[in-house]
Asker: 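The structure follows.
We name chains A, B, ... by the order of the sequence lines, and we start the count at 1 in each one. These figures come from a predicted structure and were not determined experimentally.
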There are 2 protein chains.
Amino acid sequence: MFSKACEYGIRASIFIAKNSFEGKLVSPKEISEEINSPKAFTAKILQALVRHDLIKSVKGAYGGFIIDKDTIASIKLTQIVEAIDGDKIYSGCGLGLEKCDENHPCPMHDKFKVIRDELKHMLETTNLEELALGIKSGASFLKI
Amino acid sequence: MFSKACEYGIRASIFIAKNSFEGKLVSPKEISEEINSPKAFTAKILQALVRHDLIKSVKGAYGGFIIDKDTIASIKLTQIVEAIDGDKIYSGCGLGLEKCDENHPCPMHDKFKVIRDELKHMLETTNLEELALGIKSGASFLKI
DNA sequence: TATAAATAGGATAAAATTATCCGAAATAAA
DNA sequence: TTTATTTCGGATAATTTTATCCTATTTATA
Ligand code: FES
Ligand code: FES
């Protein structure tokens with residue numbers, strides 16, 4: 001469904017959000033340990049999220065990654081997914097035709113579109129805050 | 001969503017089904033031209049579908065691939081997807097946790113499960129016949 | 001100012017996926 | 001029986017994705 005990079009990116013963002021509630025910066029080392037991902041690869045993904053203005057990096061000693069407390073609730077999953085995987089998950093043809101086109105549909109189009117649109121809607125309406133609260137309360141987990 | 005191999009496999013199966021209505025065998029060459037896919041790679045995927053008893057191969061001169069006319073309507077998309085991509089699309093965690101577990105869910109689990117289950121249901125209830133008829137009637141297409 | 005700690009980013013490497021090639025085996029027709 | 005045609009299957013190559021490594025740059029603190 002999503003690429004590994006995107007899975008790591010979402011999990012990392014949730015972990016950063018959780019810590020950002022308390023104003024705590026976290027490092028790639030801590031992140032990769034908490035979400036069980038390769039450290040250097042995760043760091044690369046974090047850089048991409050910084051470039052897309054979804055998270056903030058503080059360079060130098062005592063630095064790390066953080067998200068502005070008051071933006072956590074406004075960051076939607078779709079923004080993270082698009083920053084890493086692009087929009088092919090929303091616009092691509094389920095059977096791999098060059099483009100998904102109502103006027104030149106593949107045989108699966110009608111049925112696939114319904115599901116693809118629901119996925120899109122879900123990613124557009126789910127924000128980092130609610131996911132981070134799930135982790136905080138112990139209702140959900142980021143590894144194993 | 002699906003691997004390239006799976007996309008080719010589904011498109012190829014639909015094309016084979018369409019021709020099987022008229023009892024016509026088709027070759028990897030013809031298939032790859034009609035669905036716009038790499039020939040040798042497509043041939044490999046067809047072999048896998050044969051091993052899974054989803055399509056039939058006729059070896060030797062004047063051979064090719066075909067599907068028993070009376071089984072076309074009973075072959076569901078899910079069977080093709082599982083033969084090629086396995087069941088990770090049904091059972092895998094959306095955020096890449098080792099396994100999707102109700103009792104140890106990732107933060108996206110509840111919302112993701114709904115969509116994953118709908119995808120599963122769609123693949124389980126869509127059969128090759130209806131897809132092939134769409135191609136035959138000109139309502140849908142297998143390339144470009 | 002010097003030092004230590006941390007992100008940024010380029011260069012590689014490993015692994016997985018996608019794609020190609022070629023000879024062997026099967027088989028229908030001449 | 002020979003020939004031409006076609007699938008089967010192993011070996012290999014190209015590409016993409018995933019992962020690692022190392023150095024430069026940044027910056028808080030001593
Ligand atoms: S054309 Fe294939 S999903 Fe729209
Ligand atoms: S645990 Fe992640 S989708 Fe179920």
Asker: Which pairs would a plain distance check flag for residues 23-34 of chain A, meaning a side-chain donor or acceptor within less than 3.5 Å of a matching protein atom at least two apart in sequence or in another chain?
Answerer:
residue : atom : partner : partner atom : Å
A:K24   : NZ   : A:E30   : OE2          : 2.8
A:S27   : OG   : A:E30   : N            : 3.2
A:K29   : NZ   : A:E33   : OE2          : 3.0
A:S32   : OG   : A:P28   : O            : 3.0
A:S32   : OG   : A:K29   : O            : 3.0

Asker: Would you indicate whether A:Y62, at its atom OH, is surrounded by more than 12 heavy atoms from other residues, nucleotides or ligands within a distance under 6.0 Å?
Answerer: no
Asker: Minimum heavy-atom separation for B:C100 and B:R116, please, with both atom names.
Answerer: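 The answer is SG-NH1, 3.4 Å.
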Asker: If the condition is side chain to side chain donor-acceptor pair (under 3.5 Å), which residues does B:N19 pass it with, not counting sequence neighbours?
Answerer: none
Asker: Can a donor-acceptor pair be found, under 3.5 Å and without considering hydrogens, that links the side chain of A:H121 to the backbone of A:D117?
Answerer: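 Checking the backbone N and O of A:D117 against the side chain of A:H121, no donor-acceptor pair under 3.5 Å is found.
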Asker: Rounded to the Å, how far apart are B:F65 CZ and D:dT5 P?
Answerer: 18 Å
Asker: For the side chain of B:K59, counting heavy atoms from C-beta on, which of C:dT18, C:dA8, D:dC8 is nearest?
Answerer: D:dC8
Asker: How about A:K136: does its NZ atom have over 12 heavy atoms from other parts shown lying under 6.0 Å from it?
Answerer: yes
Asker: Write down the distance between CD1 (B:I31) and C1' (D:dT6), rounded to a whole number of angstrom.
Answerer: 12 Å
Asker: Using whole Å, report how far NZ of A:K4 lies from C1' of C:dT17.
Answerer: 15 Å
Asker: Name the pairs: protein N/O against N/O of nucleotides 3-5 of chain C, kept only if under 3.5 Å.
Answerer:
residue : atom : partner : partner atom : Å
C:dA5   : N3   : A:A61   : N            : 3.4

Asker: Can you tell me if B:R51 touches the phosphate of D:dG9, counting only side-chain N or O atoms and a distance under 4.0 Å to OP1 or OP2?
Answerer: yes
Asker: Using a 4.0 Å heavy-atom cut-off to protein, can you give one letter per nucleotide of nucleotides 10-16 of chain D, 5' to 3': B if the base is in contact, S if only the sugar-phosphate is, - if neither?
Answerer: BB-----
Asker: Mind listing the side-chain donor-acceptor pairs of residues 77-93 of chain B below 3.5 Å, one per line with the distance, residues two or more places apart or on another chain?
Answerer:
residue : atom : partner : partner atom : Å
B:T78   : OG1  : B:Y90   : OH           : 2.6
B:Q79   : OE1  : B:K76   : N            : 2.8
B:D85   : OD1  : B:S3    : OG           : 2.6
B:D85   : OD2  : B:S3    : N            : 3.1
B:D85   : OD2  : B:S3    : OG           : 3.4
B:K88   : NZ   : B:D85   : O            : 3.0
B:S91   : OG   : B:D87   : O            : 3.1

Asker: Rounded to the nearest angstrom, tell me the gap between atom NZ in B:K29 and atom C1' in D:dT6.
Answerer: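 So the NZ-C1' distance, B:K29 to D:dT6, works out to 13 Å.
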Asker: Which nucleotide wins on minimum distance to the side chain of B:P28, given the candidates C:dA8, D:dC8, D:dT7?
Answerer: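 Per side-chain heavy atoms of B:P28, the pick is D:dT7.
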Asker: Taking C-beta and beyond as the side chain, do A:L46 and A:S57 meet within less than 4.5 Å on heavy atoms?
Answerer: no
Asker: Counting only heavy atoms not in A:K39, do more than 12 sit closer than 6.0 Å to its NZ atom?
Answerer: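 Atom NZ in A:K39 is not crowded, with 12 or fewer foreign heavy atoms closer than 6.0 Å.
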Asker: Nearest whole Å is fine: how far is C:dA6 P from A:E30 CD?
Answerer: 10 Å
Asker: Hey, can you pull the residues of residues 10-26 of chain B with a non-hydrogen atom under 4.0 angstrom from DNA chain C?
Answerer: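 Heavy-atom cutoff 4.0 Å gives no residues at all.
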Asker: For the pair A:H104 (side chain) and B:K143 (backbone), establish whether a donor and an acceptor sit closer than 3.5 Å, ignoring hydrogens and angles.
Answerer: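 Side chain of A:H104 to backbone of B:K143: a pair is present.
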Asker: With the side chain of A:F41 defined as its heavy atoms from C-beta on, choose the nearest nucleotide among C:dC21, D:dT20, C:dT18.
Answerer: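 Closest nucleotide to the A:F41 side chain: D:dT20.
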Asker: Does B:S57 place a side-chain N or O at less than 4.0 Å from the phosphate oxygens OP1/OP2 of D:dC8?
Answerer: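 It does, given that an N or O in the side chain of B:S57 lies less than 4.0 Å from OP1 or OP2 of D:dC8.
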Asker: Indicate yes or no for a side-chain donor-acceptor contact from B:S20 to the backbone of B:I67 under 3.5 Å, with no hydrogens or angles considered.
Answerer: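 Side chain of B:S20 to backbone of B:I67, a donor-acceptor pair under 3.5 Å: yes, one is there.
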Asker: Return the value, rounded to whole Å, for the distance between atom CD of B:Q47 and atom C1' of C:dC22.
Answerer: 14 Å
Asker: Could you give the CG-to-C1' distance, from B:L46 to D:dG9, as a whole number of Å?
Answerer: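 Rounded to the whole Å, the gap is 14 Å.
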Asker: By nearest atom, which of the nucleotides C:dT18, D:dT18, D:dA19 is closest to the A:A5 side chain?
Answerer: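 Ranking C:dT18, D:dT18, D:dA19 by closest atom to the A:A5 side chain puts D:dT18 first.
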Asker: Checking A:D68 side chain against A:D70 main chain: does a donor-acceptor pair fall under 3.5 Å?
Answerer: no
Asker: Calculate the interatomic distance between B:K39 atom NZ and D:dT7 atom C1'; express it in whole Å.
Answerer: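 After rounding, the reported distance stands at 12 Å.
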